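What follows is a short report on a single structure.
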Amino acid sequence: MENNKIENKIGERIKYFRLSRGLSQEKLALMAEINPAFLGHLERGLKSPTMNTVDKIIKALGVSYGEFFSDETDIYDTESRQFYIDIINRCVTRLPEDKLKTVADIMLKITELTEN
């Protein structure tokens, strides 16, 4: 199970840096000389990369090993994430309080379900 956490962390970091550079999976895979489907599996934590593969991806992304593996990089702070947050904010600010409470309750339940 611990190994799966490492695979997930590497996959999340690959996806974060890929999206922050505006690259598709296909483009990054081409740049790193790996199979696009394999890159997709890496991003989802379904496959384990070799150090050689990690090295190719890091070089293609143009980041240092320190930056890639740093715990100080917030991989959840992306433009696409902010885009969705903005949409949610625009939608809920127009709601009356009773409907806003309903939406908040639903969002809390969804969050609980997706965290488990």
Side-chain angles (χ1 to χ4, degrees):
M1 187 85 166
E2 185 67 31
N3 202 24
N4 194 24
K5 288 181 184 179
I6 292 169
E7 292 161 354
N8 287 338
K9 183 174 181 176
I10 289 173
E12 289 172 352
R13 297 189 90 63
I14 292 169
K15 185 174 183 177
Y16 166 78
F17 285 107
R18 176 178 64 77
L19 291 175
S20 70
R21 281 150 178 74
L23 298 171
S24 67
Q25 283 184 341
E26 293 77 17
K27 178 71 174 169
L28 178 57
L30 180 66
M31 293 167 62
E33 300 177 344
I34 61 174
N35 184 292
F38 180 62
L39 178 62
H41 288 124
L42 292 176
E43 285 189 0
R44 291 188 302 278
L46 301 175
K47 297 281 184 178
S48 299
T50 64
M51 283 307 297
N52 185 45
T53 300
V54 172
D55 186 56
K56 287 179 176 184
I57 292 169
I58 287 174
K59 285 180 181 172
L61 289 168
V63 298
S64 68
Y65 275 88
E67 185 179 7
F68 185 82
F69 289 105
S70 173
D71 286 335
E72 294 185 20
T73 303
D74 184 358
I75 62 171
Y76 300 106
D77 185 26
T78 63
E79 282 185 39
S80 62
R81 183 175 191 275
Q82 189 58 49
F83 171 77
Y84 294 118
I85 290 171
D86 290 345
I87 289 173
I88 292 168
N89 282 333
R90 282 195 304 270
C91 291
V92 298
T93 55
R94 297 180 285 195
L95 295 175
E97 189 172 345
D98 61 324
K99 302 266 192 258
L100 187 59
K101 181 187 179 320
T102 302
V103 170
D105 290 343
I106 292 168
M107 290 178 72
L108 287 170
K109 188 62 177 175
I110 290 170
T111 303
E112 287 175 20
L113 293 172
T114 58
E115 288 178 346
N116 294 329

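Quantities reported herein were computed from a predicted structural model and do not represent experimental measurements.
Scanning for side chain to side chain contact (heavy atoms under 4.5 Å, CB included) contacts around Arg44 gives His41, Leu46, with sequence neighbours left out. Every side-chain hydrogen bond (donor to acceptor under 3.5 Å, both in side chains) that Glu43 has, sequence neighbours left out, goes to Arg18, Gln25. Under the side chain to side chain contact (heavy atoms under 4.5 Å, CB included) criterion, Val92 pairs with Ile88, Leu95, Leu100, Val103, sequence neighbours left out.
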> So Ile10 and Leu42, side-chain contact (heavy atoms from CB on, under 4.5 Å) or not? Walk me through it.
Replying inline: CA-CA 8 Å; Ile10 289 173; Leu42 292 176; over 6 Å; no
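By the 4.5 Å side-chain criterion applied to Ile, Leu, Val, Met, Phe, Trp and Tyr, Ile106 is assigned to a cluster that also includes Ile110.
Interatomic distance, Leu19 CG to Ile14 CD1, rounded to the nearest 0.5 Å: 11.5 Å. Rounded to the nearest 0.5 Å, atoms CG (Leu39) and CG (Leu30) are 11.5 Å apart.
Under the salt bridge (charged side-chain N to carboxylate O under 4.0 Å, His left out) criterion, the residue pairs touching residues 48-59 are Asp55-Lys59, with sequence neighbours excluded. Pairs engaging residues 97-107 under the side chain to side chain donor-acceptor pair (under 3.5 Å) rule: Lys101-Asp105 [sequence neighbours left out].
Considering all non-hydrogen atoms of both residues, Ala60 and Met31 come closest at O-CE, 3.1 Å. The heavy-atom pair separating Gly45 from Asn8 by the smallest distance is CA-OD1, 3.4 Å.
Placement of Val63 and Phe69 within a single hydrophobic cluster is found when ILVMFWY residues are connected by side-chain heavy-atom separations under 4.5 Å, directly or transitively.
At least one donor-acceptor pair closer than 3.5 Å links the side chain of Ser20 to the backbone N or O of Phe17.
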